[in-house]
Amino acid sequence: MARSLKVAVIGAGVAGLVTGRELKREGHRVVIYEKVNQLGGTWLYNSRVDSDPLSLDPSRQLVHSSLYSSLRTNFPRHLMGFSDYQFSPTENGDSRIFPGHEEVLKFLNDFSRHFELCELIRFNTDVLRVERVDSKNDEWLIKSRTNGLGSEEVFEAVVVCNGHYTEPQVANLPGIQKWPGKQLHSHNYRIPEPFRDQIVVTIGDGPSAHDISRDIAKVAKEVHLSSRSPYVKFSKLDSHANLWQHSKINHVNESGSVTFVDGSTIHADIILYCTGYD
C-alpha cells in the first residue's frame, strides 16, 4: 500500500468534496479548507452580491456565489451524479430531470454525510498563502485564518479546488465610458425584480445569457439579447412578447443608445454582461 500522506484540499465544492473522498479512500490524511460556513461551492446560493456591480474593483466586497434564484441545471440529473452515488430524486425534493440549485446543494450535503466528509472540513477558514517549505522536498506550508485567528500548518501535498466563478470578464464596448446607464455582470444577478419596467440589453450567447434574459423578460419592459455570433440575425423571439435577439453591439453613446452591428438601435437603461469568467 502507498504511503499515507497528509493532504490539504482547498475548497469544499464539488471538486473539493470528490477529491477529499478519493484521497480518504486511499488512506491519506485529509483536511479540506472552506472559507464560508457551508459546503457546496458554486452551488451555495447567496442573495448578497459584490459591492461593485461589474466585479472589476479589486478592493470590492466579494461574494463567492454566482447563482441566481431561478437557476436550474443545464445537464440532466442522471449525468450529474457519481458512478457509486447517483443524483436520484428524493422524497419531498425537486424531482425534475433538470432540478433547481437547491436540489444540487442537498445532493452534495447528502454525499458528504454518506462518505463522512464533514469532519474533514474546516469551515470559515480562508487560505491566505501556500508555499513550499524547502525547494528540496515536497512539504507545503499553508497559512490560513479562521474567524480572524491565523495559523500555519505543513502538508505533504495540496490540491486546489477553489473554482473560477468570481473574476468576471466584461466586454469592451466602444463608447461605454460615457454611456449613462447601469451596468452589471451576471455574477451579481439574483432576481428579476430590480429590472421591472426597464429596457435591458444582455450580452452573451451561453446558457446563462438566455436563461437570465427570459427570467428578466417576466418583469422588464424590453429585453434585447446581443450575441457576437456571425450567424445571429435581428429577430423577435417567440417565447416572449418583449424579447429580441440582436447581433454584436457596434457602439454605445452618452445619449443612452445602444447600436448593434445589424443596424438596429435602442435606448437602454441597463446593460447586463453574461460574458463568463477569467
Side-chain angles (χ1 to χ4, degrees), residues 1-2 4-5 7-47 63-125 127 157-167 186-187 189-191 204-212 214-215 274 276-278:
M1 181 177 178
S4 175
L5 301 178
V7 184
V9 177
I10 302 175
V14 177
L17 294 172
V18 172
T19 299
R21 194 273 298 265
E22 293 304 307
L23 289 168
K24 180 185 175 185
R25 275 181 165 176
E26 294 298 316
H28 299 296
R29 292 159 287 144
V30 181
V31 173
I32 302 175
Y33 287 91
E34 174 51 54
K35 69 187 298 183
V36 299
N37 62 356
Q38 298 179 62
L39 62 83
T42 195
W43 291 102
L44 184 60
Y45 178 76
N46 189 339
S47 61
V63 176
H64 181 76
S65 175
S66 295
L67 283 184
Y68 43 95
S69 179
S70 64
L71 184 140
R72 295 171 58 184
T73 66
N74 59 352
F75 283 98
R77 66 189 311 141
H78 65 272
L79 296 182
M80 295 186 67
F82 306 107
S83 58
D84 59 349
Y85 196 83
Q86 295 299 308
F87 186 12
S88 302
T90 58
E91 186 176 356
N92 300 320
D94 185 346
S95 61
R96 293 175 295 182
I97 295 175
F98 298 91
H101 58 83
E102 301 92 344
E103 185 78 357
V104 181
L105 182 61
K106 183 180 184 301
F107 167 71
L108 294 176
N109 276 284
D110 291 344
F111 174 84
S112 299
R113 283 191 292 268
H114 181 82
F115 292 103
E116 299 180 339
L117 300 177
C118 294
E119 61 259 35
L120 307 179
I121 304 174
R122 293 183 185 173
F123 291 107
N124 295 312
T125 301
V127 173
V158 178
V159 185
V160 179
C161 304
N162 64 339
H164 64 279
Y165 294 121
T166 55
E167 298 296 332
S186 60
H187 171 69
Y189 175 74
R190 296 293 182 269
I191 57 175
D205 197 28
S208 65
H210 289 268
D211 209 15
I212 292 172
R214 290 181 172 88
D215 203 25
C274 302
Y277 299 82
D278 287 334

K.L.:
Quick one: pull up OG1 in Thr125 and CD1 in Ile10 and give me the separation to the nearest 0.5 Å.
P.N.:
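Output value for this atom pair is 11.5 Å.
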K.L.:
Of the non-hydrogen atoms in Val9 and Thr19, which two are nearest, and what is the gap between them?
P.N.:
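Looking at all heavy atoms of both residues, the shortest contact is CG2-CG2, 4.0 Å.
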K.L.:
Can you list the residues that meet the ring pair (Phe, Tyr, Trp, His ring centres under 6.0 Å) rule with His101, with sequence neighbours excluded?
P.N.:
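Partners of His101 by the ring pair (Phe, Tyr, Trp, His ring centres under 6.0 Å) criterion, ordered by chain and then number, come out as Tyr45.
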K.L.:
Is it true that Ser66 and Tyr277 share a donor-acceptor pair across their side chains at a distance under 3.5 Å?
P.N.:
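Yes, a side-chain donor-acceptor pair sits under 3.5 Å.
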K.L.:
Quick one: salt bridge (Lys or Arg N to Asp or Glu O under 4.0 Å) pairs with a partner in residues 83-92, sequence neighbours left out?
P.N.:
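Every pair satisfying salt bridge (Lys or Arg N to Asp or Glu O under 4.0 Å) with a residue in residues 83-92: Arg21-Asp84, Arg25-Asp84.
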K.L.:
I need the minimum non-hydrogen distance between His187 and Val63, along with the two atoms involved.
P.N.:
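The pair with the smallest heavy-atom distance is NE2-O, 3.0 Å.
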K.L.:
Taking atom CZ of Phe98 and atom CG of Leu71, what is their separation to the nearest 0.5 Å?
P.N.:
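Rounded to the nearest 0.5 Å, the CZ-CG separation comes out at 12.5 Å.
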K.L.:
Taking atom CG of Leu17 and atom SG of Cys161, what is their separation to the nearest 0.5 Å?
P.N.:
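It is 9.0 Å, given to the nearest 0.5 Å.
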K.L.:
Mind running side-chain contact (heavy atoms from CB on, under 4.5 Å) on Lys106 and Thr90 for me, showing each step along the way?
P.N.:
CA-CA 10 Å; Lys106 183 180 184 301; Thr90 58; 3.8 Å; yes
K.L.:
What are the two closest non-hydrogen atoms of Ser186 and Ile212, and how far apart are they?
P.N.:
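Heavy atoms of Ser186 and Ile212 come nearest at CB-CD1, 3.8 Å.
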K.L.:
Among residues at least two apart in sequence or on other chains, which ones pass side-chain hydrogen bond (donor to acceptor under 3.5 Å, both in side chains) with Asp211?
P.N.:
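Only Tyr68 meet the side-chain hydrogen bond (donor to acceptor under 3.5 Å, both in side chains) criterion with Asp211.
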K.L.:
Given 3.5 Å as the limit, does a donor-acceptor pair link the side chain of Glu34 with the main chain of Ile121, or not?
P.N.:
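Absent.
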K.L.:
What's the shortest heavy-atom distance between Asn46 and Arg190, and which atoms?
P.N.:
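Reported closest heavy-atom pair: O-NE, 2.6 Å.
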K.L.:
Check whether any side-chain heavy atom of Glu26 sits under 4.5 Å from a side-chain heavy atom of Val7, and report yes or no.
P.N.:
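Side-chain contact under 4.5 Å: no.
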K.L.:
Are any of the side-chain heavy atoms of Tyr33 and Asn162 separated by less than 4.5 Å?
P.N.:
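Not touching, per the 4.5 Å side-chain cut-off.
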K.L.:
For Ser4 versus Gly27, what's the shortest heavy-atom pair and its separation?
P.N.:
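Shortest heavy-atom contact: OG-O, 2.7 Å.
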K.L.:
Rounded to the nearest 0.5 Å, what's the gap from OG on Ser65 to OH on Tyr165? Could you check?
P.N.:
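Taking OG in Ser65 and OH in Tyr165, the distance rounds to 12.0 Å.
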K.L.:
Write out all pairs satisfying side chain to side chain donor-acceptor pair (under 3.5 Å) with one or both partners inside residues 69-78, taking only residues at least two apart or from two chains.
P.N.:
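Residue pairs passing side chain to side chain donor-acceptor pair (under 3.5 Å), neighbours aside: Ser70-Asp215, Arg77-Glu103.
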K.L.:
List in chain and number order the residues that pass salt bridge (Lys or Arg N to Asp or Glu O under 4.0 Å) with Glu167, two or more places apart in sequence or in another chain; answer none if no residue qualifies.
P.N.:
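With neighbours one apart ignored, the set is Arg60.
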K.L.:
Is the distance between the ring centroids of Phe87 and Phe111 less than 6.0 Å?
P.N.:
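Ring centres of Phe111 and Phe87 not closer than 6.0 Å.
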K.L.:
Could you check if a side-chain atom of His210 sits within less than 4.5 angstrom of a side-chain atom of Asp205, using non-hydrogen atoms only?
P.N.:
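Yes. Closest side-chain heavy atoms under 4.5 Å.
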K.L.:
Between Ile32 and Gly20, which heavy-atom pair has the shortest distance, and what is it?
P.N.:
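For Ile32 versus Gly20, the nearest heavy atoms are CD1-CA, 4.2 Å.
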K.L.:
Hey, are the side chains of Glu102 and Asp94 touching, using non-hydrogen atoms and a 4.5 Å cut-off?
P.N.:
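Answer no - side chains too far apart.
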K.L.:
May I have the list of side-chain donor-acceptor pairs in residues 37-44 shorter than 3.5 Å, sequence neighbours left out?
P.N.:
none

K.L.:
Taking the side chain as every heavy atom from C-beta outward, state whether Phe115 and Lys24 have any pair of such atoms under 4.5 Å apart.
P.N.:
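Counting from C-beta outward, Phe115 and Lys24 never come under 4.5 Å.
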K.L.:
Which value, rounded to the nearest 0.5 Å, describes the distance between Gln86 atom CD and Leu79 atom CG?
P.N.:
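Going from the CD atom of Gln86 to the CG atom of Leu79 covers 9.5 Å.
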